[in-house]
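Below is one structure, written out as structure tokens; the observations come after it.
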There are 2 protein chains.
Amino acid sequence: MAARKPQGDETGYSNLVGGSTAGSRAAETVQTLAETVAGRIREKVISGTLTPGSHLSEMALCEELQVSRNTLREVFRILTQEGLLRYEANRGVFVATPSMSTIIDIYRVRRFIECPALAQAHPRHPGTQNMRAAVDDARRCREVKDWLGVGSADIAFHSAIVELADSPRLSSFYAHISLELRLVFGLLQDPEFLHGPFIDQNVDILLELEAGRATAAAEKLEAYLLRAERFILGAYARVAPSA
Amino acid sequence: MAARKPQGDETGYSNLVGGSTAGSRAAETVQTLAETVAGRIREKVISGTLTPGSHLSEMALCEELQVSRNTLREVFRILTQEGLLRYEANRGVFVATPSMSTIIDIYRVRRFIECPALAQAHPRHPGTQNMRAAVDDARRCREVKDWLGVGSADIAFHSAIVELADSPRLSSFYAHISLELRLVFGLLQDPEFLHGPFIDQNVDILLELEAGRATAAAEKLEAYLLRAERFILGAYARVAPSA
DNA sequence: CTGTCTATAGTGTTGAACAATTTTTACATA
DNA sequence: TATGTAAAAATTGTTCAACACTATAGACAG
């Protein structure tokens, strides 16, 4: 019952996805083994090695990752909380399978969060630099045809928009949403077709903001999100008919 | 690697806090022991039996709750992910201690989420029934001087507002925020003084919405949240000077 | 072909064990 | 007395082996 006063980071939900445009990361808390392994699995899911719906056997993964069952179960807890995996009692964990309603909800949340965040933003907010870095990164990746990288940069761009709201909790929530979105991306093939058209629209939005027209930027963003949603839903329907 | 198709609930973050106004809960997933014990500890934190900053000894809790150490650690993982507990390497888990910046961020998020959700709401959305039930519940609890219940009802009311946005992900995010808010409430004494003045304001907001004036309701809500934030910050400063 | 039953595999939970780290205690020194 | 250091104790981090319980798969009778 001793009442000590520990100090830690703010939200508790730390180190999620971080693209090549990842920001600074204070090493205040030591990476525990479970977190490290969680990162490994996260990458497997994002890169498509682990496909949605597939079953993750405890014993098999213990063997492969060289960790004990208890530690692995901790990893599962982390990733389940993030929305990447799904528990079923006495059946184990599965890679989450985004459904049509998942996509719809993700984009509903995105419009709900991103647009106001952008509309109320100050043009010289530090977050704009991250936006700028993300679009540069996206174009660089496009030249090398690194479409996974383009996807990461796109997500980094929109994460930067959320940062404009200056709320750690909102940002960490958005990181979760982003992860689920990557799951969706992984489900769809033809990533060039998927990301290509949207890079320039991001640039457009950034230019509006840098010019001080936050409201106009927000309107363009909303149009962008509505288009993207239809686009993704269409691609999804082509891949997974009647799901 | 077998690719089965499981069906579960949508967001993965299920059964968090549920006040006396708790809605229906389909028993689709069997409560596992760890989850049950997590619920017990959650209530201890909410009710103030476990005060923020206090250390949770593994052995002591194993004894008290009659579970093994491994299971208890699984419980800790659940609650840590929820933001209720905080890990420190080789020192154990502590009840999270909300700071001033925590409170500020919580209320920033609340204004950011609740107000638009209310503004865009349809007066006859099912969520309004939950709002109505919550205010009734709050008044009932006030009569019996059950201030903990009043707090629960208040949180249920505002959760219902978020439900108006029809987004499972937004609602589950708000459930997390609510949990943190309860931690703050537990930190402050004199719950009558804390909750009393706000019940009637909730009623006021509901009446505006039911009358079809969503925009007016949203404005009142924003004023409410700004007042509440100042109120809570003041009480906090009195309890924990210079934290 | 269908439904029931048993066998098998996998998860849920426990207890014990040992390594690594922190906290406490004891002791020697200034 | 105060203080710094080292050993001892307590606590956490991690693993392993075992058993109970649940669900899936396969065998078998109708």
Side-chain angles (χ1 to χ4, degrees), chain A residues 1-8 12 14-15 27-41 50 53-81 84-96, chain B residues 1-9 12 14-15 26-41 50 53-81 84-96:
Chain A
M1 277 283 177
R4 322 178 199 179
K5 288 273 177 175
Q7 275 310 52
S14 5
N15 56 332
E28 27 186 47
T29 33
V30 190
Q31 275 269 95
T32 178
L33 177 61
E35 285 165 7
T36 310
V37 175
R40 296 252 297 274
I41 296 186
L50 256 40
S54 58
H55 178 88
L56 270 59
S57 160
E58 294 190 350
M59 284 197 306
L61 274 182
C62 285
E63 185 77 14
E64 182 182 336
L65 300 170
Q66 288 295 309
V67 294
S68 84
R69 239 178 105 209
N70 285 334
T71 305
L72 186 66
R73 285 170 67 83
E74 165 146 5
V75 172
F76 285 169
R77 280 248 108 82
I78 295 175
L79 297 175
T80 300
Q81 178 61 28
L84 225 67
L85 304 183
R86 172 173 306 290
Y87 251 98
E88 273 181 73
N90 296 311
R91 299 201 351 123
V93 299
F94 302 80
V95 179
Chain B
M1 277 286 175
R4 322 178 196 179
K5 288 273 177 178
Q7 279 303 56
D9 79 336
S14 4
N15 58 330
E28 31 185 41
T29 35
V30 189
Q31 275 270 92
T32 178
L33 177 61
E35 286 165 6
T36 311
V37 174
R40 295 254 295 276
I41 295 186
L50 255 38
S54 59
H55 179 93
L56 269 59
S57 159
E58 295 189 349
M59 284 198 307
L61 274 181
C62 284
E63 184 76 13
E64 183 182 336
L65 300 171
Q66 289 293 313
V67 295
S68 84
R69 226 180 115 213
N70 281 328
T71 304
L72 185 66
R73 287 173 66 82
E74 180 124 352
V75 172
F76 285 168
R77 286 165 211 145
I78 296 174
L79 297 175
T80 300
Q81 287 296 322
L84 223 67
L85 303 183
R86 172 172 306 287
Y87 254 97
E88 273 181 73
N90 294 309
R91 298 201 356 121
V93 299
F94 302 80
V95 180

statement: A:Asn70 atom CG is separated from D:dT15 atom C1', nearest whole Å, by 7 Å
A:Ser54 side chain to A:Leu50 backbone, donor-acceptor under 3.5 Å: no
field: salt bridge (Lys or Arg N to Asp or Glu O under 4.0 Å) involving B:Glu74 - partner list, sequence neighbours excluded
entry: A:Arg73, A:Arg77, B:Arg77
- line: When rounded to the nearest 0.5 Å, the distance separating CD1 of B:Ile41 from CG of B:Leu84 is 9.5 Å
- prompt: Nearest-Å distance, CD (B:Glu74) to P (C:dT11)?
  reply: 13 Å
field: Stems formed with participation of DNA chain C [Watson-Crick or G-U wobble, under 3.5 Å, three or more pairs]
entry: C:1-30 with D:1-30
What N/O pairs connect the protein and nucleotides 4-7 of chain C at under 3.5 Å? Give each pair on its own line.
none

A:Arg40: partners by salt bridge (Lys or Arg N to Asp or Glu O under 4.0 Å), with sequence neighbours left out: none
Protein and nucleotides 8-13 of chain D: nitrogen or oxygen contacts under 3.5 angstrom:
{"unit_1": "D:dT12", "atom_1": "OP1", "unit_2": "B:His55", "atom_2": "NE2", "d": "3.1"}
{"unit_1": "D:dG13", "atom_1": "OP1", "unit_2": "B:Asn90", "atom_2": "N", "d": "3.3"}
{"unit_1": "D:dG13", "atom_1": "OP2", "unit_2": "B:Arg73", "atom_2": "NH1", "d": "2.7"}
{"unit_1": "D:dG13", "atom_1": "OP2", "unit_2": "B:Arg73", "atom_2": "NH2", "d": "3.4"}
{"unit_1": "D:dG13", "atom_1": "N7", "unit_2": "B:Arg69", "atom_2": "NH2", "d": "2.8"}
{"unit_1": "D:dG13", "atom_1": "O6", "unit_2": "B:Arg69", "atom_2": "NH1", "d": "3.4"}

message: Tell me every residue that passes side-chain hydrogen bond (donor to acceptor under 3.5 Å, both in side chains) with B:Ser68, counting only those two or more places apart in sequence or in another chain.
response: B:Thr71
message: Holding to side chain to side chain contact (heavy atoms under 4.5 Å, CB included), I want the full list of residues that pass it with A:Ala38, two or more places apart in sequence or in another chain.
response: A:Arg42, A:Val75, A:Ile78, A:Leu79
Check residues 59-67 of chain A and write down every donor-acceptor pair under 3.5 Å in which the side-chain atom is one partner and the other belongs to a residue at least two apart or another chain.
{"unit_1": "A:Glu64", "atom_1": "OE2", "unit_2": "A:Lys44", "atom_2": "NZ", "d": "2.3"}
{"unit_1": "A:Gln66", "atom_1": "NE2", "unit_2": "A:Glu63", "atom_2": "O", "d": "3.0"}

task: Can you measure from CZ (B:Phe94) to OG1 (B:Thr80) and round to the nearest 0.5 angstrom?
output: 11.5 Å
- line: Hits for side chain to side chain contact (heavy atoms under 4.5 Å, CB included) against B:Asn90, two or more places apart or cross-chain, chain-then-number order -> none
query: Between atom CG in A:Leu72 and atom P in C:dG10, what is the gap in whole Å?
result: 14 Å
